[in-house]
Amino acid sequence: MALKVAIVGRPNVGKSTLFNRLVGKRLALVDDRPGVTRDRRYADGNIGDMDLTVIDTAGYEDVTDESLEARMREQTEAAIDDAELILFMMDAREGVTSLDRIFAERLRKVHKPIILLANKSESRESGGGVGEAHALGFGEPVAISAEHGEGMADLYAALRAGSEDIFVEEIDEPDKPIRIAVIGRPNAGKSTLINRLIGDDRLLTGPEAGITRDSISVDWTFEGKNIRLIDTAGMRRKARVQEKLEKLSVADTIRAITFAEVVILVMDKDDAFDTQDLQLADLVEREGRALVYVASKWDLEDEPQSRLAKLKTLAEDKLPQLKGSPFVALSSHSGRGVDRLMPAVLQAYDTWSVKVKTKDLNTWLSMATQRHPPPAVDGKRIKPKYIAQTKARPPTFVLMANRAEAMPDHYKRYLVNSIRESFDLPGTPIRLNVKSSGANPYAEGGAKSGPERYKGDAKTAPRRVKKAEKEEALSKLPGKALEQKKTRKAQPKVLGGLKASASKKAGSSVAIQKGARGGARQVSRSGRIRTGQKGGAKK
């Protein structure tokens with residue numbers, strides 16, 4: 001098992017930056033303003049050959065009232081109690097402050113190894129702050145720069161020395177948990193719902209909207225199954241998100257949806273399925289995740305039965321692509337209806353992971369096409385041939401058919417809805433890919449089409465081919481020659497008859513006619529045909 005280490009300190013000293021460096025990912029949100037982190041976050045990390053379980057905490061505030069800062073302080077103290085070794089971080093640029101001294105007095109009462117870290121010590125101005133850190137009474141401070149990665153070797157040596165007396169128990173790796181993301185608009189009751197499920201005040205809650213900023217994961221066991229619940233920040237409409245920190249929170253929520261397996265959409269019962277809820281549900285469907293609707297604050301509803309029926313009808317009308325998704329009405333504050341949530345989540349997970357036999361699919365395809373044959377497009381019928389499931393999570397099917405690219409979208413929706421009803425897959429996203437079963441091998445460019453005939457120089461080429469070649473050769477002539485070619489008049493050919501000419505002598509040949517054998521015969525002016533040779537004896 002990894003060594004459990006908590007990073008604590010006052011606000012804006014770089015705790016989340018060091019957390020991200022040890023984990024190797026940008027999990028925690030980092031910003032210049034103080035107080036970005038509010039909940040404590042757990043993640044697996046390492047430094048050198050040491051495996052760590054790193055806990056990121058909120059900045060320590062010396063308040064004990066009912067404010068948000070006081071609740072954040074309680075989360076930090078819970079992380080101190082849970083950790084085996086504590087990394088106390090201070091800002092070397094600013095030196096030791098009064099809040100650092102107050103927090104140091106609190107840590108002296110903890111009987112656990114404490115390592116003092118002087119962060120932001122990459123500049124010359126930090127030398128005085130590192131010297132002041134000796135006054136806190138935790139020994140030699142370790143000068144590091146979490147942003148630039150300086151001093152990590154010294155931190156590794158300090159962790160090695162501080163963990164010599166800590167017994168780390170070796171346990172078997174647990175099975176891969178089911179990742180469940182809880183999303184919704186701000187102040188919908190997401191964190192309160194997770195606290196009610198696990199039976200512990202693990203997440204920071206309150207009447208203020210937008211308390212949660214990071215996506216916090218909580219490991220839990222339900223009926224022998226490992227569950228990882230992911231609490232996310234509330235998502236408002238895109239036009240209302242202006243601040244940089246809120247944009248980072250929304251991006252973190254979208255990433256949590258992408259890596260989740262089941263998504264719980266928490267909605268307020270009074271304005272459920274508004275525009276933002278519909279956009280979130282559509283995002284879940286496009287990502288291909290199983291979805292469970294939750295209507296919170298149900299203990300304040302006067303007519304629960306009629307209201308629940310209206311919400312279910314509204315869900316099917318607004319989101320037909322997720323028809324049949326489980327709908328649970330509950331109250332996180334009183335616990336009413338919470339026991340029905342996890343069975344619905346596990347049912348949605350099983351449906352999302354289903355695999356259908358190819359034989360059953362093809363039997364269904366034959367019946368579905370007989371009941372509603374594919375339409376004819378451009379006078380040609382589309383013929384589905386066979387179907388198979390290529391993968392699950394979400395269920396993905398491939399349909400082989402001729403002229404696949406011409407299949408209309410409405411017929412694909414008919415097939416998807418028929419699959420959902422026939423194989424009992426309510427609510428889960430279904431992917432249907434239609435592919436062509438094979439191209440015509442004898443078509444132009446096909447495997448058996450053969451080489452293309454060249455008809456340009458052939459003597460038997462048709463007249464249109466010769467005419468096209470002649471026009472092409474004409475178009476390549478220069479400008480002056482082209483004009484002369486166009487204005488040139490064709491002279492008519494004389495095939496028979498006589499040609500009058502005063503300069504021709506009598507008895508000379510003036511026209512040529514073809515004989516029976518194809519030879520030319522000479523004709524005199526009087527019409528006689530001369531059969532003898534020219535200049536021969538006359539009879």
Side-chain angles (χ1 to χ4, degrees), residues 1-23 28 34 37 39-62 72-121 126 128-146 150-169:
M1 186 177 179
L3 178 66
K4 191 174 292 186
V5 178
I7 307 174
V8 299
R10 63 181 179 84
N12 204 24
V13 295
K15 299 183 295 297
S16 297
T17 305
L18 179 61
F19 174 85
N20 289 339
R21 181 164 293 278
L22 294 177
V23 171
T37 304
D39 288 285
R40 66 183 191 270
R41 175 197 286 270
Y42 292 72
D44 295 331
N46 60 76
I47 179 170
D49 57 352
M50 292 183 62
D51 293 331
L52 305 175
T53 299
V54 191
I55 310 174
D56 187 22
T57 62
Y60 186 85
E61 297 283 356
D62 189 24
M72 292 165 57
R73 177 175 178 265
E74 294 176 358
Q75 291 287 324
T76 302
E77 292 180 348
I80 293 173
D81 296 336
D82 192 20
E84 299 171 335
L85 187 144
I86 298 172
L87 298 178
F88 178 29
M89 181 177 290
M90 50 87 62
D91 192 343
R93 294 179 183 175
E94 298 183 7
V96 179
T97 62
S98 58
L99 191 56
D100 288 331
R101 294 188 179 93
I102 294 174
F103 195 23
E105 290 293 335
R106 166 69 177 85
L107 291 179
R108 288 192 188 97
K109 301 176 183 179
V110 179
H111 301 288
K112 294 180 179 180
I114 299 175
I115 299 175
L116 179 60
L117 302 180
N119 192 26
K120 306 178 184 179
S121 60
S126 60
V130 176
E132 292 179 8
H134 289 84
L136 294 176
F138 294 106
E140 181 72 22
V142 180
I144 66 169
S145 173
E150 298 180 3
M152 292 296 108
D154 298 335
L155 176 58
Y156 171 76
L159 286 172
R160 274 294 182 191
S163 61
E164 289 179 353
D165 299 332
I166 300 177
F167 175 72
V168 180
E169 183 182 0

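Using a cutoff of 4.0 Å between basic side-chain nitrogens and carboxylate oxygens, Arg106 and Glu77 are scored as salt-bridged. A salt bridge between Arg160 and Asp49 is present, with a side-chain N of the basic residue lying under 4.0 Å from a carboxylate O of the acidic one. Classification of Lys15 and Asp56 as a salt-bridged pair fails, no side-chain N sitting under 4.0 Å from a carboxylate O.
Rounding to the nearest 0.5 angstrom, the gap separating the CG atom in Leu22 from the CD1 atom in Ile47 is 6.0 Å. Asn119 contributes atom CG, which lies 4.5 Å from atom CD1 of Ile144 (distance to the nearest 0.5 angstrom). Atom CE in Met152 sits 5.5 Å away from atom CG in Leu155 (nearest 0.5 Å). In this structure, CG on Leu85 lies 10.5 Å from CD1 on Ile55, to the nearest 0.5 angstrom. For the atom pair CD of Glu94 and CD of Glu132, the computed distance is 11.0 Å after rounding to the nearest 0.5 Å. For the atom pair CD1 (Ile114) and CG (Leu87), the distance works out to 10.0 Å, reported to the nearest 0.5 Å.
Of the possible donor and acceptor atoms, none in the side chain of Ser145 sits under 3.5 Å from a partner among the backbone N and O of Ser121. A donor-acceptor distance shorter than 3.5 angstrom exists from the side chain of Lys112 to the backbone of Asp81, with no hydrogens or angles considered.
Between Thr37 and Phe19, every side-chain heavy-atom pair lies at or beyond the 4.5 Å cut-off. Between Thr57 and Ile80, the closest side-chain pair of non-hydrogen atoms is not below 4.5 Å. Under the 4.5 Å side-chain criterion, counting only non-hydrogen atoms from C-beta, Thr53 is in contact with Asp44. Glu140 places a side-chain heavy atom less than 4.5 Å from the side chain of His134. Between Leu117 and Met90 the shortest side-chain heavy-atom distance does not fall below 4.5 Å. With a 4.5 Å cut-off on side-chain heavy atoms, Ile115 and Val5 do not count as touching.
Contact detail for Met50 and Ser163: the closest heavy-atom pair is CE-OG, 3.9 Å. Listed here is the closest heavy atom pair of Glu84 and Pro113: O-CD, 3.5 Å. Scanning both residues, Val13 and Met89, for their nearest heavy atoms gives O-SD, 3.4 Å.
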Legend entry - Derivation and outcome, side-chain hydrogen bond (donor to acceptor under 3.5 Å, both in side chains), residues Asn20 and Thr17: CA-CA 5 Å; Asn20 289 339; Thr17 305; 5.9 Å; no
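The aromatic rings of Phe103 and Phe88 sit perpendicular to each other, their planes meeting at more than 60°, with 30° as the lower class boundary.
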